[in-house]
Every structure is written in structure tokens, then in C-alpha cells.
S.K.: 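Sharing a structure here in C-alpha cells format.
What you see below is based on every heavy atom in this structure, not just the backbone, and it leaves out hydrogens, waters and symmetry mates. Keep in mind that what you see is a predicted model, and the values were worked out from it rather than measured.
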Amino acid sequence: MTAQHAGQRIRRTATLASLAAELGVSRTTVSNAYNRPDQLSPQLRQRVLDTAKRLGYPGPDPVARSLRIRRAGAVGGLLLTERLSYAFRDPGAVAFLEGLSLACEDARVGLLLVPAVEGASGTDPAVVARAAVDGFVVYSMPEGNEFLQTVLDRPVPTVVVDEPAGVDGVDFVGVDDRAAMIALARHLVDLGHRRVGVVSSAISPDATFGFASRDRQRAAGYHVVRNRLDGLRRSLEAVGVGWDDVPVMELPANDRQLAAQGAGKLLDAYPDRTAIVSITDIVALGVLDALSERGISVPAQMSVTGFDDVPDAALAHLTTVRQPLREKGRAAGELLLDTSERPAPRTRMLTADLVVRATTGPAPE
């Protein structure tokens with residue numbers, strides 16, 4: 001023994017068996033103290049816990065327990081098409097995550113975030129295949145995503161949120177994006193706006209930074225964006241505005257700075273616009289930044305709308321669509337954690353409401 005170790009005592013971690021021997025009880029009794037406390041008297045359970053603390057017993061091995069009961073105790077939710085940092089940076093994702101976390105807290109289960117970033121520098125789908133979870137919440141995935149198929153190949157409950165809709169045998173939570181955008185567009189139409197431009201977050205995973213053609217819009221991999229664009233198209237065509245006369249600037253990400261740049265490109269190419277429809281609030285905030293930099297008055301010279309009603313939307317007095325982001329997360333968690341019989345997939349469509357604020361006004365003469 002070296003001098004360094006001469007005065008040290010090696011502490012061995014107690015095991016379930018050694019703790020049971022110390023107490024003079026069965027290993028089942030020790031296990032029940034942690035996993036089924038109702039099976040023991042309060043006095044016996046406390047004696048087990050006190051002795052475990054004294055001997056340094058850490059409690060039952062959670063991995064071994066999950067293998068034994070065939071449950072991991074975590075919802076493998078929030079399969080994100082973005083990197084993990086997005087869940088804590090984007091205000092819409094933060095609100096959704098809060099709601100999902102509340103549902104998990106109520107059920108006393110954990111939550112595992114799994115990034116699902118496609119491409120050479122993205123995530124390996126094997127991460128999804130081997131995630132130790134009891135179910136998945138899939139958050140806003142594009143059509144044909146390889147990670148979604150990996151999830152569907154696993155025999156665990158799954159809930160899709162927002163998109164893609166209509167996956168066979170899978171529960172769904174969302175809002176009617178098309179109807180909500182129709183209501184927003186009618187508000188602009190009633191104010192006399194006919195020369196409208198659009199700044200959009202990514203239309204498909206292979207996002208470009210530029211004007212999106214009609215063909216690209218029709219083939220949009222993100223159903224939410226496609227439905228919002230379709231709602232705007234229907235409302236404008238109803239008052240005689242051809243969709244070919246509505247420029248759609250696509251951004252590579254839902255990012256405020258990129259949105260400001262995209263709005264600048266749109267204004268340079270179409271200086272006669274009187275309103276800009278933004279597919280999300282984050283995009284709308286970037287549009288407002290660009291208008292402020294150019295000295296364009298809102299709403300006297302330009303009306304701006306968003307979608308989502310994130311906290312900063314109210315601070316910016318932004319006209320938008322309020323969707324219940326936190327309630328959407330809670331609903332997804334509740335569906336996933338509901339262990340009752342499921343004769344058919346369930347759908348929860350939540351309400352989205354138009355919120356009129358100070359960024360919209362009558363179209364200038």
C-alpha cells in the first residue's frame with residue numbers, strides 16, 4: 001500500500017443483497033421500500049432507508065429495473081428537426097416544451113430530447129432507434145423524414161405534433177393553420193390590402209434563401225407552411241388577387257436576422273407592397289427590424305402580420321394568430337401517456353385565434 005493510500009479507507013458501495021443482510025430482511029423487502037412503499041409499514045421503510053444511507057446504498061439500479069419491467073420511465077419526446085439548442089432558443093418551442101414537461105411531471109416520468117437533424121453533419125438515425133424511451137412525441141417533422149420512419153418502426157406509442165398530419169395509426173395534435181391564416185388574410189383584405197408579400201420560414205428541408213416558385217410551394221415538405229400559404233392564397237384570390245402576383249421570400253431558417261435580410265430583398269424587388277405576411281412571429285419581428293432600418297412607418301406605410309403569438313409579439317404590438325403553444329405540448333404528453341385502450345388514432349385540434357394589434361392598418365392610397 002502506498003503512502004498516499006495508507007491512511008485512506010476504501011469505501012465499498014453497498015448492494016441490495018448486503019443491505020438486506022444487514023437488516024435481516026429479504027431483498028424483496030428492501031426493493032419494496034423504494035418501488036412499492038405501500039407494501040411496508042412506515043417504520044420498516046424508514047429503517048431500510050436510514051440503513052441504506054448509513055451504508056451508502058444508492059438505491060435500485062434504474063437500468064436493471066427498466067429492463068425488468070420493460071419500461072424506461074422516459075418519454076422520448078421532442079424529436080426535433082433542429083439541434084437541441086433550438087428547443088431552448090425558439091420561444092414557440094420553449095412554450096411547447098414547457099407544456100410537454102408539465103404533462104410528464106404530472107405522470108412522474110422523465111423527458112428525453114432527441115435531435116433529428118438530417119444531412120451529412122446531422123444526427124445518426126440510430127440515436128432514435130436505440131433511445132431508451134417508452135414513447136415518442138414527434139414535433140413538426142417534414143414529410144418523408146427518415147427519423148420519423150425510424151420512430152414508426154419501433155413498437156411504442158407515438159404522437160405527431162403539427163406535421164406531418166395523417167400518419168397511419170398515430171395520434172395527432174395541432175391547429176387548423178389554413179383556417180387561421182384565412183382569418184388573418186381576411187383582416188388584411190378588409191383593410192384594403194391587395195399588394196401583399198410573404199416572408200416565410202423554410203418551406204422544405206432543402207431550404208433556399210430567395211423567392212420560392214409556385215412548384216416549390218406546391219411541393220412544400222412542411223405541411224404547416226404549405227397550409228398557411230394556401231390559406232393566404234385562397235383569401236387573396238377571393239378578391240381577385242392572382243397568386244402569381246404574391247412574392248414569397250423563403251428563408252433557410254426561422255431566424256430574426258435572416259428575416260430582416262429576406263424582407264430587405266423582398267422590398268428591393270417589390271417596393272409597391274402595402275403588407276407583408278410573415279409565416280411566424282420570429283420572421284415578423286425580423287421584418288419589423290428591416291422596416292425600421294429603412295424608415296418605413298408601420299402601419300401607415302406597411303402592415304405586418306405574424307403567426308404564433310410568442311411573448312415578444314405582444315411587446316411589438318404585432319397583429320398575429322395566437323395558437324396555444326403550451327397547451328399543445330401538454331395535450332401531446334397527455335395523449336402519449338394515456339394507457340387506456342386505443343381503438344383508433346386520436347386527434348386533438350386546438351383553437352387558434354386572430355389577435356389584432358397595432359402593426360396592421362388601412363392600405364395606403
S.K.: For the side chain of R195 and the backbone of D272, is there at least one donor-acceptor N/O pair under 3.5 Å apart?
M.R.: yes
S.K.: Please examine the side chains of T351 and P324, heavy atoms only from C-beta on, and report whether any two atoms are closer than 4.5 Å.
M.R.: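 They are not in side-chain contact.
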S.K.: Would you call L55 and S18 a side-chain contact if the rule is heavy atoms closer than 4.5 Å?
M.R.: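 The answer is no, as the side chains (C-beta and beyond) never meet within the 4.5 Å cut-off.
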S.K.: Check this for me: D38, atom CG, are more than 12 non-hydrogen atoms of other residues, nucleotides or ligands nearer than 6.0 Å?
M.R.: yes
S.K.: Okay, side chain of S101, backbone of L97: is any donor-acceptor separation there less than 3.5 Å?
M.R.: yes
S.K.: Between R194 and D245, is there a salt bridge with N-O shorter than 4.0 Å?
M.R.: no
S.K.: Under the side-chain contact (heavy atoms from CB on, under 4.5 Å) criterion, do D255 and Q261 qualify, and how do the steps go?
M.R.: CA-CA 10 Å; D255 179 87; Q261 296 172 28; over 6 Å; no
S.K.: CZ of R228 to OG of S201: how many Å apart, nearest 0.5 Å?
M.R.: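 So the CZ of R228 and the OG of S201 are separated by 7.5 Å.
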S.K.: Before you tell me yes or no, could you show the steps for R226 and E163 under salt bridge (charged side-chain N to carboxylate O under 4.0 Å, His left out), namely the whole-Å CA-CA distance, both residues' side-chain angles and the distance that decides it to 0.1 Å?
M.R.: CA-CA 11 Å; R226 187 165 70 198; E163 55 189 334; over 6 Å; no
S.K.: Check P271 against D268 and note the closest heavy-atom contact, atom names and distance.
M.R.: CD-O, 3.9 Å
S.K.: If you apply the rule salt bridge (charged side-chain N to carboxylate O under 4.0 Å, His left out), what do you find for K328 with D162, and how did you get there?
M.R.: CA-CA 9 Å; K328 187 183 287 186; D162 287 341; 2.6 Å; yes
S.K.: Rest of the hydrophobic cluster containing V356 (Ile/Leu/Val/Met/Phe/Trp/Tyr, side-chain heavy atoms under 4.5 Å)?
M.R.: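 Besides V356, the cluster holds M181, L184, L188, V189, V196, V198, I203, Y222, V225, L229, L232, L236, V239, V241, W243, V246, V248, V277, I279, F307, V321, L354.
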S.K.: Quick one: does Q301's side chain have a donor or acceptor within less than 3.5 Å of a partner on S297's backbone?
M.R.: yes
S.K.: Is a side-chain N or O of S278 found less than 3.5 angstrom from the main chain of G306, in a donor-acceptor match?
M.R.: no
S.K.: Given salt bridge (charged side-chain N to carboxylate O under 4.0 Å, His left out), test R234 with D230 step by step and report yes or no.
M.R.: CA-CA 6 Å; R234 294 186 186 195; D230 188 58; 2.9 Å; yes
S.K.: Going by side chain to side chain donor-acceptor pair (under 3.5 Å), name the residues that satisfy it together with T319, two or more places apart in sequence or in a different chain.
M.R.: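 With neighbours one apart ignored, the set is T360.
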S.K.: Are M249 and V298 joined in one hydrophobic group, where the rule is that I, L, V, M, F, W and Y side chains link up if heavy atoms are under 4.5 Å apart?
M.R.: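 Both belong to a single hydrophobic cluster.
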S.K.: Kindly compute the distance separating CG (L100) from CD (E334), expressed to the nearest 0.5 Å.
M.R.: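 L100 CG to E334 CD: 10.5 Å, rounded to 0.5 Å.
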S.K.: Any donor-acceptor pair under 3.5 Å linking the side chain of R294 with the backbone of G264?
M.R.: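 Side chain of R294 to backbone of G264, a donor-acceptor pair under 3.5 Å: yes, one is there.
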S.K.: Nearest 0.5 angstrom please: L291 CG to I276 CD1, how far?
M.R.: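 L291 CG to I276 CD1: 5.0 Å, rounded to 0.5 Å.
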S.K.: Is a side-chain N or O of D281 found less than 3.5 angstrom from the main chain of V310, in a donor-acceptor match?
M.R.: yes
S.K.: With the 4.5 Å side-chain cut-off for hydrophobic clustering, are L288 and L267 part of the same group?
M.R.: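 L288 and L267: one cluster.
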S.K.: Taking the side chain from H193 and the backbone from G361, do they hold a donor-acceptor pair closer than 3.5 Å?
M.R.: yes
S.K.: Hey, could you give me each pair passing ring-ring contact (aromatic ring centres under 6.0 Å, His included) that has a residue in residues 250-293? Not counting sequence neighbours.
M.R.: F211-Y270
S.K.: So does E237 have more than 12 non-hydrogen atoms from other groups sitting under 6.0 Å from CD?
M.R.: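 Yes, the 6.0 Å shell around CD holds more than 12 heavy atoms from other groups.
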S.K.: Is it the case that the side chain of T51 and the backbone of R47 share a donor-acceptor pair, with hydrogens and angles ignored and the cut-off at 3.5 Å?
M.R.: yes
S.K.: Please report the C-alpha distance between T29 and L40 in whole Å, then the side-chain angles of each, then the deciding distance to 0.1 Å, and finally whether the side-chain contact (heavy atoms from CB on, under 4.5 Å) criterion is met.
M.R.: CA-CA 8 Å; T29 297; L40 306 180; 3.9 Å; yes
S.K.: Does E98 use its side chain to pair, donor to acceptor, with the backbone of R326 at less than 3.5 Å?
M.R.: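 No: the side chain of E98 does not pair with the backbone of R326.
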S.K.: Identify the heavy atoms of P364 and A300 that sit nearest to each other, and give their distance.
M.R.: CB-O, 3.8 Å
S.K.: Grab the two heavy atoms, one from G333 and one from A103, that are nearest each other, plus how far apart they are.
M.R.: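 Distance-wise, the nearest heavy atoms are CA-CB, 3.8 Å.
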S.K.: Are S200 and V283 packed together at the side-chain level, in the sense that at least one heavy-atom pair is separated by less than 4.5 angstrom?
M.R.: no
S.K.: If hydrophobic clusters are built by linking Ile, Leu, Val, Met, Phe, Trp and Tyr wherever their side-chain heavy atoms come under 4.5 Å apart, do V25 and L49 end up in the same one?
M.R.: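 Result: yes, single cluster for both.
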S.K.: Is the shortest side-chain heavy-atom distance between E293 and D289 below 4.5 Å?
M.R.: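 Heavy-atom side-chain distance check fails, nothing below 4.5 Å.
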S.K.: Do T359 and P299 make a side-chain contact, defined as non-hydrogen atoms from C-beta onward lying under 4.5 Å apart?
M.R.: no
S.K.: Sort out for me which residue in N145, T150, V133, V151 forms a side chain to side chain contact (heavy atoms under 4.5 Å, CB included) with L79.
M.R.: V151
S.K.: Ignoring hydrogens and angles, tell me if any N or O in the side chain of R357 forms a donor-acceptor pair with the backbone of L318 under 3.5 Å.
M.R.: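 Flag set: sc R357 to bb L318 pair under 3.5 Å.
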S.K.: With a 4.5 Å cut-off on side-chain heavy-atom distances among I, L, V, M, F, W and Y, is there a chain of contacts connecting F136 to V167?
M.R.: yes
S.K.: Of the non-hydrogen atoms in A352 and V175, which two are nearest, and what is the gap between them?
M.R.: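 Scanning both residues completely, I find the closest heavy atoms to be CB-CB, 4.2 Å.
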S.K.: Can you name the side chain to side chain donor-acceptor pair (under 3.5 Å) partners of D308, sequence neighbours left out?
M.R.: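 Q323.
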S.K.: Who else is in the cluster with V94 when I, L, V, M, F, W and Y are joined by side-chain contacts under 4.5 Å?
M.R.: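 Via sub-4.5 Å side-chain contacts, V94 links to none.
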S.K.: Do L111 and L113 pass the side-chain contact (heavy atoms from CB on, under 4.5 Å) test, and can you show the C-alpha distance, the side-chain angles, and the key distance before you say yes or no?
M.R.: CA-CA 7 Å; L111 177 62; L113 304 188; 4.2 Å; yes
S.K.: If two hydrophobic side chains count as joined below 4.5 Å and joins carry through other members, does L258 share a cluster with V199?
M.R.: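 L258 and V199: one cluster.
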S.K.: Measure the CD-CD distance between E250 and Q217 for me, rounded to the nearest 0.5 Å.
M.R.: 9.0 Å
S.K.: Quick one: pull up CE in M302 and CZ in R273 and give me the separation to the nearest 0.5 Å.
M.R.: 9.0 Å
S.K.: A165 and H223: which non-hydrogen atoms are nearest, and at how many Å?
M.R.: N-ND1, 3.7 Å
S.K.: Looking at CZ of R218 and CZ of R214, how far apart are the two atoms once the value is rounded to the nearest 0.5 Å?
M.R.: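 Going from the CZ atom of R218 to the CZ atom of R214 covers 4.5 Å.
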S.K.: Under 4.5 Å between any side-chain heavy atoms of C104 and V109, yes or no?
M.R.: yes
S.K.: Can you give me the closest heavy-atom contact between A316 and L285, atom names plus distance?
M.R.: CB-CD2, 3.7 Å
S.K.: Can you tell if the side chain of V170 reaches within under 4.5 Å of the side chain of V138, non-hydrogen atoms only?
M.R.: no
S.K.: Return the set of residues passing side chain to side chain donor-acceptor pair (under 3.5 Å) with D338 (not counting sequence neighbours), or none when no residue passes.
M.R.: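 Checked D338 against side chain to side chain donor-acceptor pair (under 3.5 Å); matches are S340, R346.
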S.K.: In the structure I gave you, are the side-chain heavy atoms of L266 and V287 within less than 4.5 Å of one another anywhere?
M.R.: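 L266 vs V287: side chains apart.
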